[in-house]
Structures are given as C-alpha cells and as structure tokens.
Engineer: 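Supplied in structure tokens, the structure appears directly below.
Letters A, B, ... are given to chains in the order of the sequence lines, protein chains preceding strands, and every chain is numbered from 1.
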Amino acid sequence: MNDTKNKIKRYLVTAALPYANGPLHLGHFTGNFLPADIYVRFLRLEGKEVVWVCGSDEHGAAITIQAKKEGLHPKEIVDKYHFANKASFEQLGLSFDIYHRTSLPIHHETAQDFFKTLYDKGGQFEEKTNEQYYDEAFDQFLADRYIKGECPKCNHPEAYGDQCENCGSDLSPLELINPVSTLSGKKPILKETTHWYFKLDKHADWLRVWLEKGELDGQFHHDPKKWKKHVLGQCLSWLDGGLFPRAITRDLDWGVKVPLPQADGKVLYVWFDAPIGYISATKDWAKENGKDWKDFWQSEECELVHFLGKDNIVFHCIIFPSMLKAHGGYNLPVNVPANQFLNFEGRKFSKSKGWGIGLTEYLETFENFPNHVDALRYALTRGMPENKDSDFKWDEFVDCHDKELADNLGNFVNRVIVLTNKYFGGKVPSIDGDLKGLLQPVQNLLNKLTQDIKDFKFKSAILQLMELSTYGNTYLQDVSPWKIYKTDPESPVIKECMRVALEIVNILGVVSQPFIPFTSNKIRSLLNLEPVQNGGLQKLNEQLSKGGGLTDNLQIGTPDLLFAKIHDRKDSSRLELIEAQKAKLTTILEAEKAEERMPVKAQTSFDDFCKMDIRTGTIIEAEKVKKADKLLKLIVDIGLETRTVVSGIAKFHKPEDIIGQEVLLLANLAPRKLRGIESQGMILMAENEKGELAFVSPPKAFGNGFEVR
RNA sequence: GAUGCUGUAGUUCAGUGGGUAGAACGUAAUACUCAUAAUAUUAAGGUCAAUGGUUCGAAUCCAUUCAGUAUCACCA
C-alpha cells in the first residue's frame with residue numbers, strides 16, 4: 001500500500017490516564033483499558049516491539065476540592081486511588097508496560113520542559129489578565145461551575161456560573177446576581193489574575209489537512225478512512241466551529257508549577273499536563289529498561305495510537321496534537337480509536353445512586369467465580385461500545401458466559417482433550433494427510449481475526465475467535481470419530497480428525513491470549529505447553545504454513561474445565577451471585593419509587609392562599625416555542641378573556657394533543673417574558689418522581705373562568 | 001439551541017464506491033451422544049426510524065422531521 005508502513009518497527013500505545021479521585025467502573029474498563037490491552041497483547045503476539053503507557057492523572061481542582069472537603073492533603077487522595085486502581089488493573093490482566101503517575105518528579109520536569117520550550121519559541125502563548133471570583137475560605141479561584149447565583153435573565157435563584165439551567169442562557173460568572181461559592185457557601189470576592197493561553201487557533205489549518213487527508217507537512221501520515229466516523233466527525237465539527245486560545249494555567253497550589261519567575265502560585269492546567277504524562281511515562285519506562293524514549297516519540301519508525309473514551313476525543317485529536325506540533329519533533333497519533341460509552345442495565349453508571357459495578361467491587365464479589373476476569377473481559381469485549389453506546393446487562397453476561405465461553409469454546413476444548421486421552425492415551429497423533437490443507441478454513445478465520453484487530457474491530461475479532469471453536473465443533477460433528485471408533489478404533493480417520501481438532505485447540509490457545517489471557521494460559525497448560533510468548537502468533541503462523549503447530553506424540557494434560565457454567569444443576573452458587581447483583585438493582589429501583597415525595601412546605605395562611613386566583617380554562621391553541629426544548633406557547637380561554645401562557649411541558653405533551661385540554665390556570669401571576677414571549681399566567685401541573693408532568697383539571701365540560709378554592 | 005455520531009430481525013449488533021438484507025442469542029423441528037443436559041443441521045422471523053428528493057434502481061447519496069447520545073472555549 002504505502003512505504004511508511006514498512007518503516008514501522010515499534011508501536012507506542014496509550015490508554016487515557018484515569019483521574020485519581022475515585023474508583024473506576026466497567027465503563028472505563030471497556031472503553032479505554034480493555035481495547036488497549038487487546039491491541040497491545042496482539043502486537044506483542046505478532047512479535048512487534050510495543051510499549052503501552054498509562055498512569056494516574058493526579059492534578060486538577062477537583063482533587064484539591066475533594067481533599068479539602070475530606071480534610072486530607074491531595075497527595076493522600078491520589079495515593080489512595082492510584083494504588084487501588086493499579087491493583088485492580090493488575091488483577092484484570094492489563095499488561096501495561098508502565099503504570100505511571102503525574103505526581104512524579106519526572107513528569108513535573110517533562111511537563112515544565114514542554115511548557116518552557118513552547119514559551120521560549122514564542123508565538124504559541126498569550127498572556128491575559130482579568131478578574132475572577134475567588135473563594136477566600138477555600139483560598140482558591142473558582143471555576144465557573146463552582147459558582148451559583150441568581151440568573152440575570154430569568155431570576156432563577158440557582159443558576160451556575162456558566163449557564164442557567166432554568167432558562168438555558170449562557171452566562172459568565174460576573175453576570176450572576178448574589179454569587180455564592182458552592183465550596184464554602186460564602187460570597188466570593190473578585191480578584192485579578194494572569195493566565196497563559198495556548199493559541200490553538202493558529203493550528204487550525206494544518207489540523208484540517210491532517211485529519212481530512214491524513215497528510216502532515218505535505219507527506220502521507222495515516223489513512224483517514226481507518227479512523228472511526230464519530231471521531232473524525234467530532235473533530236471536523238470542532239474545526240468548523242473555529243478554534244480559540246485556551247487557558248493552560250490555573251491558580252492552584254497542587255499541580256505542575258508554571259516554570260516562570262512571574263508565575264508564582266500557578267500551575268499548569270491538568271489537561272495540559274495530563275497528556276504529557278504519556279511522554280513522561282515513556283521516559284520513566286525507558287530509564288528502567290535501558291531504552292531510549294525518543295525511539296518511541298520522535299522516530300518515524302514508531303506508530304502512536306491513543307485509546308480513550310468519546311469524552312476525550314478533541315483533546316487527543318486536536319489539542320494534544322497541536323501541542324506536539326507546536327513543540328516540534330514529536331510523532332502524532334496514526335489513529336485514535338475512541339470508544340463510545342457503556343451503560344449499565346439501561347442507565348448511566350452512577351456512583352451516587354449505586355447504579356453499576358466498580359472494578360474493585362467486581363473483583364471482590366466474584367473472587368470465587370472461576371475464571372471471573374476472563375468472563376468479564378469476554379462479556380465486555382462482546383458488547384464493546386465501538387461505534388455507539390452499549391449496555392451491560394447481567395442476563396447478557398450470563399448468556400455469553402454459558403453459551404459461548406462454556407458451551408462453545410470450553411466444551412470444544414474439553415471434548416478434544418477427553419477424546420485424545422481416551423483414544424491415544426493423551427498423545428498427539430501423527431498423521432500422513434495434508435494437515436495444512438485440512439486447516440485452511442481455520443487459517444482463513446485466523447486471518448480475518450488478525451485483520452479485525454488491526455482495524456480496531458475487537459467485537460468482530462472476538463466473534464472470529466468463537467467462530468474458530470464453532471468450526472472445531474462442526475468439524476468434530478461432521479467426522480464423528482466416536483462412531484468410527486465403535487467399529488474401527490485404529491482407523492486413520494480418527495487420528496486425522498483428532499490431530500486437526502488438537503491443532504485448533506492449540507490455535508485457540510495462542511489467539512485467545514489478547515482477549516482472555518488467563519484462559520489462554522489454561523488451554524496451553526491443557527496441551528502441556530508454556531504460556532504463549534511474545535511473537536507466539538508469528539511463530540504459530542510459520543508453523544501452520546509448514547503443516548501444524550503441535551509436535552507429534554506430544555503428551556497433553558488431563559481434562560479440566562475452562563469455564564464453570566452459571567446455570568449449573570449441581571451448583572447454584574454462581575447463579576446466586578448474579579441474582580444478588582440483579583436484586584441490588586431492583587432494590588435501588590424500588591427505593592426510588594418509594595421515596596422522592598417532597599416534604600410538605602412550611603405552613604402558610606388562608607389569606608396567603610386567597611391571594612392566588614386560580615381559574616378553570618381550556619387550551620385553544622398550542623405550538624412549540626422555537627429554540628427551546630421544553631416550552632410550549634399556549635392560548636388559554638378562561639371565560640372572560642384568553643391568555644397567552646408559556647409552559648415548560650413540551651417533553652411530555654405534544655401541541656396537537658392538548659388542544660381542548662381543560663386546565664387550571666394561576667391567573668394573577670405577574671407576567672414574565674420567556675424566550676421573548678410574555679407569559680400571562682401558569683398552568684397547574686402535577687409532577688411525579690420521574691419529573692413527568694400531568695394536567696390537573698376539572699371534569700369534562702365544567703366551563704371556563706370559574707374560581708378554584 | 002448549534003454541531004457530530006447513532007436509529008437495521010423478539011434481543012444485541014454487522015453491513016454501503018447504490019443493484020435480490022447478514023451474524024449471534026432467543027424460537028421451532030431434526031440428527032448426534034466424545035463432551036459442562038454440551039454439539040451439529042435446517043426453518044421461521046425485517047416497508048433497514050419517518051417523509052420527500054436524486055437515480056433505470058436507495059438500508060446505502062441529498063433534504064427535512066423524530067428519537068437516543070456526546071461536544072460546544074477554562075469541566076476534569
């Protein structure tokens with residue numbers, strides 16, 4: 001295809017650095033770490049030189065705020081989660097070459113050098129001074145989201161510094177009436193501060209060429225057709241919207257110090273320092289392993305691939321590449337195969353509601369579940385959100401564990417091992433036939449699997465894995481050696497059949513390794529072989545091109561199940577484990593139904609109530625308000641007159657359905673403009689725990705304009 | 001609100017330089033018994049979100065609409 005590919009000798013793979021302020025869940029695992037691990041393990045199997053770097057992202061205001069709330073030093077927070085996450089990752093079989101952390105000195109130096117290089121070059125940064133809100137109690141400048149106040153446009157009392165959720169208008173914190181810090185609850189003061197901005201806008205032109213055509217500095221860099229649609233789409237949409245300078249410093253005492261004398265008390269903004277963590281991690285690894293990090297970052301012979309979730313696309317496809325290009329000398333990623341998000345039983349993961357399962361939690365709860373890590377890795381790969389959001393369901397986990405891993409793969413391997421022991425005393429039979437020819441269909445599947453991984457189609461690849469054992473099952477069924485054995489136990493057909501089946505088991509042992517490494521080791525040990533080594537797939541392909549991958553008369557091991565089925569007549573323990581997880585969710589759902597009745601408000605007086613003039617009325621016209629999701633413009637007949645009312649009910653009621661609807665209208669409410677339309681009253685609605693709105697109305701044809709008391 | 005992505009069999013998803021729709025699971029029938037009541041074969045099942053357009057021909061291209069989801073300049 002092109003020459004550049006042939007130059008590639010090394011691969012550098014990154015998985016997005018997890019933020020070290022909390023435990024991680026299945027979504028992080030399947031979106032980011034698992035695909036990277038599969039890819040990296042595959043490259044190693046192919047005998048490629050590859051380094052996979054990752055680590056904890058440990059800076060940023062979120063961590064300092066959490067530390068203050070818990071009365072801890074930020075270091076204590078990040079230590080806790082760094083080591084916890086690292087331990088979980090090891091148990092899950094993630095094969096990082098290094099799991100780094102951005103609080104290490106080598107990272108601080110690297111990030112500072114990077115900043116300093118851009119600064120000294122000139123033209124990449126600009127300085128701006130302005131006034132920002134500052135929380136004196138917390139001794140911290142406040143991000144927009146940490147400020148609340150009254151909205152200047154709709155007077156909603158709980159507007160955020162960046163946006164009012166009531167009227168939807170974009171705000172600046174300075175516009176808020178009576179601003180309050182959400183950290184201390186006190187009124188913040190205005191303070192002047194200076195920050196450095198990275199001139200991202202300068203990079204728009206080459207970025208577009210790079211993303212659209214895959215060309216960099218007039219040369220071929222990568223094939224944009226191999227990028228996922230949603231990745232390219234989002235990037236180009238960003239470029240279309242125009243790029244703007246972005247602040248890259250913060251007023252904080254936790255983070256990488258800005259290496260300038262005039263920048264005391266300022267640190268690099270985490271999104272600037274975090275991706276540089278990939279570089280410092282590589283340096284750290286290289287130092288430990290006697291390698292040169294530049295061979296991976298600054299060499300044409302190395303390919304860079306970033307794995308991440310869709311929330312991180314623009315950072316890795318626009319901002320970080322711009323930083324690297326501005327610095328000069330660095331490789332840019334040849335692909336950024338971002339995944340979408342994983343939901344859990346139909347909803348988003350939510351730590352606060354207990355919806356979902358954390359990685360540590362899974363590892364602990366399923367500790368005694370045989371091969372529980374591979375069971376999870378398999379289920380998550382099968383449902384990987386490669387091109388759209390996907391959903392983890394326990395029932396599907398059970399299904400694919402039992403039907404695919406146990407019945408298809410596990411049972412195939414088992415029946416081959418059992419038959420080999422039975423017919424040949426556990427020795428791999430030698431045959432005279434054309435083994436290579438017999439294995440051709442298997443080789444085709446293997447090739448497809450290989451290509452799928454190279455194309456980052458892991459879901460399809462793992463299906464090919466299953467196809468391999470399906471082929472094995474079908475093949476056994478077609479030949480049915482047990483039938484032949486009854487009449488002619490010495491038949492060469494039996495030998496040939498079993499040799500082919502054993503070869504397939506051997507192939508499965510090698511090629512399953514990127515996906516389900518523990519199972520791979522177990523298959524190998526059933527064949528009496530060592531765990532597969534780097535280059536194992538390359539070696540296997542060489543052997544297959546000559547004939548088979550196994551040696552004649554190899555003494556294999558005794559049968560042992562790879563996966564214990566969840567639906568097991570004799571042992572209900574695994575099913576109980578799953579049922580307990582499902583019961584937990586039911587409990588949450590029921591609790592939500594039960595609670596969430598608003599407490600009764602403070603006492604009021606009859607006189608106050610009488611101030612309300614509530615009238616019966618009928619909706620005679622209804623239309624959607626433009627530029628508003630929730631609003632309908634209604635004309636209500638209240639007998640003596642008609643009123644125009646803007647009502648936030650569009651999510652639950654279509655305009656055409658509610659014409660003729662009888663309603664109750666609060667008629668003496670002060671008029672207010674909503675989205676430019678004067679609303680002369682308020683329709684009374686009942687709202688349930690889901691936020692659904694229902695009309696409250698008199699019985700049919702009651703008549704308009706009567707008072708409600 | 002703008003923009004990106006997504007919307008295909010009961011379920012989970014593949015699929016496009018436009019030319020009689022694919023898999024897995026589930027369902028039904030049959031075969032087999034070496035194996036974890038496993039396996040194999042066959043069958044049924046889809047106006048490819050809706051509407052309009054381009055075309056000899058559209059699930060595939062264009063437009064509009066609807067739904068889900070993400071991003072939208074200091075949120076890590």
Side-chain angles (χ1 to χ4, degrees), chain A residues 17-19 21 57 59-63 65 132 141 143-146 161-163 168-170 195 197 200-201 228-238 240-250 269-272 274 309-315 319 338 340-341 343 348 382-391 393 395-396 399-400 402-408 410-423 457 459-460 463 466-467 469-470 472-478 480-483 485 498 501 559 561-565 567-570 626-629 675:
Chain A
L17 309 185
Y19 200 57
N21 74 334
D57 174 9
H59 297 139
I63 282 170
I65 288 163
Q132 274 187 16
F141 278 94
D144 291 357
R145 198 183 279 180
Y146 292 117
D162 52 350
Q163 195 186 32
S169 43
D170 292 329
H195 285 293
Y197 287 69
L200 196 56
D201 45 314
K228 295 190 188 189
K229 238 171 134 176
H230 71 265
V231 174
L232 264 185
Q234 189 174 347
C235 294
L236 293 174
S237 143
W238 251 65
D240 290 344
L243 299 180
F244 302 88
R246 290 178 69 107
I248 53 163
T249 57
R250 279 291 185 280
Y269 185 24
V270 287
W271 67 250
F272 188 85
K310 67 174 161 185
D311 52 330
N312 252 326
I313 289 173
V314 288
F315 291 101
I319 299 170
Q340 309 241 17
F341 286 162
N343 289 319
K348 290 182 186 189
R382 282 280 280 139
M384 205 172 256
E386 288 180 334
N387 293 309
K388 54 182 140 182
D389 290 357
S390 64
D391 204 357
K393 293 194 176 80
D395 285 343
E396 285 175 10
D399 264 7
C400 76
D402 280 8
K403 304 280 175 191
E404 297 178 18
L405 288 176
D407 291 348
N408 191 332
N411 184 45
F412 170 67
V413 172
N414 187 243
R415 60 203 294 217
V416 174
I417 303 298
V418 168
L419 286 173
T420 304
N421 275 292
K422 190 167 172 181
Y423 296 159
K457 294 177 180 170
K459 249 187 337 192
S460 174
L463 279 176
M466 211 39 68
E467 283 297 316
S469 81
T470 297
N473 277 320
T474 310
Y475 176 78
L476 277 186
Q477 196 72 26
D478 283 351
S480 294
W482 47 89
K483 280 188 189 167
Y485 190 79
M498 290 317 299
L561 298 187
L562 296 179
F563 295 94
K565 289 184 71 164
H567 285 289
D568 184 335
R569 288 181 172 190
K570 295 166 204 148
K626 284 181 185 163
K627 299 189 178 187
D629 286 344
R675 288 273 156 187

Engineer: Taking the side chain of A/F315 as heavy atoms from C-beta outward, which of B/U39, B/G4, B/C75 is closest to it?
Structural biologist: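 Ranking B/U39, B/G4, B/C75 by closest atom to the A/F315 side chain puts B/C75 first.
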Engineer: Assign A/Y197 to base, sugar-phosphate, or nothing according to its heavy-atom contacts below 4.0 angstrom with the strands shown.
Structural biologist: base
Engineer: Is it true that A/N343 and A/D389 share a donor-acceptor pair across their side chains at a distance under 3.5 Å?
Structural biologist: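 No, because no side-chain N or O of A/D389 sits under 3.5 Å from a partner of the opposite role on A/N343.
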Engineer: Give one of base, sugar-phosphate or nothing for A/K457, where a contact means two heavy atoms less than 4.0 Å apart.
Structural biologist: nothing
Engineer: Side-chain N or O of A/K229 less than 4.0 angstrom from OP1 or OP2 on B/G15?
Structural biologist: no
Engineer: May I ask you to decide if the ring planes of A/Y423 and A/Y485 are parallel, tilted or perpendicular, using 30° and 60° as cut-offs?
Structural biologist: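 Answer is parallel, since the angle falls under 30°.
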Engineer: C1' atom, B/G68 versus B/G22: distance in rounded Å?
Structural biologist: 24 Å
Engineer: Which nucleotide sits closest to the side chain of A/F341: B/A70, B/C34, B/C13?
Structural biologist: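 Closest nucleotide to the A/F341 side chain: B/A70.
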Engineer: Please work out if A/K422 contacts a base, only the sugar-phosphate, or nothing of the nucleic acid, heavy-atom cut-off 4.0 Å.
Structural biologist: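 Since only primed, P, OP1 and OP2 atoms lie under 4.0 Å of A/K422, the category is sugar-phosphate.
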Engineer: Let's test your reading of the model: under 3.5 Å, does the base of B/A35 pair with the side chain of A/N414 as donor and acceptor?
Structural biologist: no
Engineer: Mapping A/E467 and A/G60 onto RNA chain B by nearest heavy atom, which one lands closer to the 5' end?
Structural biologist: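 Comparing both residues, the 5'-ward one is A/E467.
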Engineer: What distance, rounded to whole Å, do you find between the two P atoms, one in B/C62 and one in B/G17?
Structural biologist: 14 Å
Engineer: Rounding to the closest angstrom, what is the interatomic distance between B/A67 and B/C61 at atom C1'?
Structural biologist: 23 Å
Engineer: Quantified in whole Å, what is the C1' atom distance between nucleotide B/G46 and nucleotide B/G10?
Structural biologist: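 Pairwise C1' distance, B/G46 against B/G10, rounds to 11 Å.
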Engineer: Counting just side-chain N and O atoms, does A/Y485 come under 4.0 Å of either OP1 or OP2 of B/C34?
Structural biologist: no
Engineer: From the set B/U3, B/U11, B/A76, return the single nucleotide nearest to any side-chain atom of A/Y269.
Structural biologist: B/A76
Engineer: So what does A/S460 touch, heavy atoms closer than 4.0 Å: a base, only the sugar-phosphate, or nothing?
Structural biologist: nothing
Engineer: State the pairing partner of B/A37; accept Watson-Crick or G-U wobble contacts with both distances under 3.5 Å, and report none otherwise.
Structural biologist: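 Checking every strand shown, B/A37 finds no partner, since no pair has both distances under 3.5 Å.
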Engineer: Between B/G26 and A/K403, is there an OP1 or OP2 to side-chain N/O distance shorter than 4.0 Å?
Structural biologist: yes
Engineer: The side chain of A/V418 lies closest to which of these nucleotides: B/C75, B/A35, B/U12?
Structural biologist: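 Closest nucleotide to the A/V418 side chain: B/A35.
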Engineer: Starting the side chain at C-beta, find the nucleotide from B/U71, B/U6, B/U36 nearest to A/K388.
Structural biologist: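 Nucleotide nearest to A/K388's side chain: B/U6.
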Engineer: Using both distances under 3.5 Å as the test, list the Watson-Crick or G-U wobble partner of B/A76, or none.
Structural biologist: none
Engineer: In Watson-Crick or G-U wobble terms, both distances under 3.5 Å, what is the partner of B/U42?
Structural biologist: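 With both distances under 3.5 Å, B/U42 matches B/A28.
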Engineer: Rounding to an integer number of angstrom, what distance separates B/G57 and B/G19 when you compare their C1' atoms?
Structural biologist: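 After rounding to an integer number of Å, I get 7 Å for this pair.
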Engineer: To the side chain of A/R382, which of B/A24, B/C25, B/A14 is closest?
Structural biologist: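 The listed nucleotide nearest to A/R382's side chain is B/A24.
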Engineer: Write down the atom of A/E386, the atom of A/K457, and the distance for their closest heavy-atom approach.
Structural biologist: OE2-C, 3.5 Å
Engineer: For residues A/V270 and A/G60, report the shortest heavy-atom separation together with the two atoms involved.
Structural biologist: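 Heavy atoms only, the tightest pair is CG1-N, 2.9 Å.
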Engineer: For the CD1 atom of A/I319 and the CZ atom of A/F272, what is their distance to the nearest 0.5 Å?
Structural biologist: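 So the CD1 of A/I319 and the CZ of A/F272 are separated by 11.0 Å.
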Engineer: What does A/N411 touch in the nucleic acid at a heavy-atom separation under 4.0 angstrom: a base, only the sugar-phosphate, or nothing?
Structural biologist: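 Base, at least one base atom sits under 4.0 Å.
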Engineer: Could you check which nucleotide pairs with B/G4 in any of the strands shown, counting Watson-Crick or G-U wobble with both distances under 3.5 Å?
Structural biologist: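 B/G4 is paired with B/U69.
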Engineer: Sort out the partner of B/U20 for me: Watson-Crick or G-U wobble, both distances under 3.5 Å, none otherwise.
Structural biologist: none
Engineer: Contact class for A/H195 (heavy atom, under 4.0 Å): base, sugar-phosphate, or nothing?
Structural biologist: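 It contacts nothing in the nucleic acid.
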Engineer: What's the closest nucleotide to the A/S237 side chain, out of B/C34, B/U12, B/G4?
Structural biologist: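 For the A/S237 side chain, the nearest candidate turns out to be B/G4.
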Engineer: Do A/R569 and B/A37 have a side chain to base donor-acceptor pair shorter than 3.5 Å?
Structural biologist: yes
Engineer: Tell me which of A/V314 and A/A406 sits closer to the 5' end of RNA chain B, going by the nucleotide each one is nearest to.
Structural biologist: A/A406
Engineer: Between B/U71, B/U12, B/C34, which one does the side chain of A/K393 approach most closely?
Structural biologist: B/U12
Engineer: Inspect the contact between A/R382 and A/E404 and indicate whether a charged nitrogen and a carboxylate oxygen are less than 4.0 angstrom apart.
Structural biologist: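 Judged by the 4.0 Å cut-off on N to carboxylate O distance, A/E404 and A/R382 do form a salt bridge.
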Engineer: Measure from the side chain of A/K459, starting at C-beta and using heavy atoms only, and say which of B/U3, B/A14, B/U36 lies closest.
Structural biologist: B/A14
Engineer: So what does A/T474 hit on the nucleic acid, given a heavy-atom distance under 4.0 Å: a base, only sugar-phosphate, or nothing?
Structural biologist: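 The answer is sugar-phosphate, as A/T474 gets under 4.0 Å only of primed atoms, P, OP1 or OP2.
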Engineer: Is the shortest heavy-atom distance from the side chain of A/L562 to the side chain of A/L405 under 4.5 Å?
Structural biologist: no
Engineer: So what does A/L562 hit on the nucleic acid, given a heavy-atom distance under 4.0 Å: a base, only sugar-phosphate, or nothing?
Structural biologist: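 Base contact - A/L562 has a heavy atom under 4.0 Å of at least one base atom.
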Engineer: Looking for any heavy atom pair under 4.0 Å, which part of the strands does A/K348 touch: base, sugar-phosphate only, or nothing?
Structural biologist: sugar-phosphate
Engineer: Which nucleotide in the set B/A70, B/A76, B/C5 lies at the smallest distance from any side-chain heavy atom of A/K310?
Structural biologist: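 Ranking B/A70, B/A76, B/C5 by closest atom to the A/K310 side chain puts B/A70 first.
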Engineer: So that I can tick it off, tell me whether A/K393 and A/D391 are bridged by a salt bridge, with the cut-off set at under 4.0 angstrom between side-chain N and carboxylate O.
Structural biologist: yes
Engineer: Taking any strand in view, what nucleotide pairs with B/G57 in a Watson-Crick or G-U wobble way, both distances under 3.5 Å?
Structural biologist: none
Engineer: Give one of base, sugar-phosphate or nothing for A/F563, where a contact means two heavy atoms less than 4.0 Å apart.
Structural biologist: base
Engineer: To the nearest Å, give me how far apart CG (A/L561) and C1' (B/A35) are.
Structural biologist: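 For the pair A/L561 CG and B/A35 C1', the rounded distance is 9 Å.
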Engineer: On a whole-Å scale, what distance lies between the C1' atoms belonging to B/C48 and B/A29?
Structural biologist: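 Looking at atom C1' only, B/C48 and B/A29 are 29 Å apart.
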Engineer: For the C1' atoms, the ones on B/A63 and on B/U20, what distance do you get once it is rounded to whole angstrom?
Structural biologist: 28 Å
Engineer: Can you tell me the Watson-Crick or wobble partner of B/U51, both distances under 3.5 angstrom?
Structural biologist: B/A63
Engineer: Search all heavy atoms of A/L476 against all heavy atoms of A/W482 and return the closest pair with its distance.
Structural biologist: O-CH2, 3.5 Å
Engineer: Rounded to whole angstrom, note down the P distance from B/U69 over to B/U64.
Structural biologist: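 One P to the other, the span is 22 Å.
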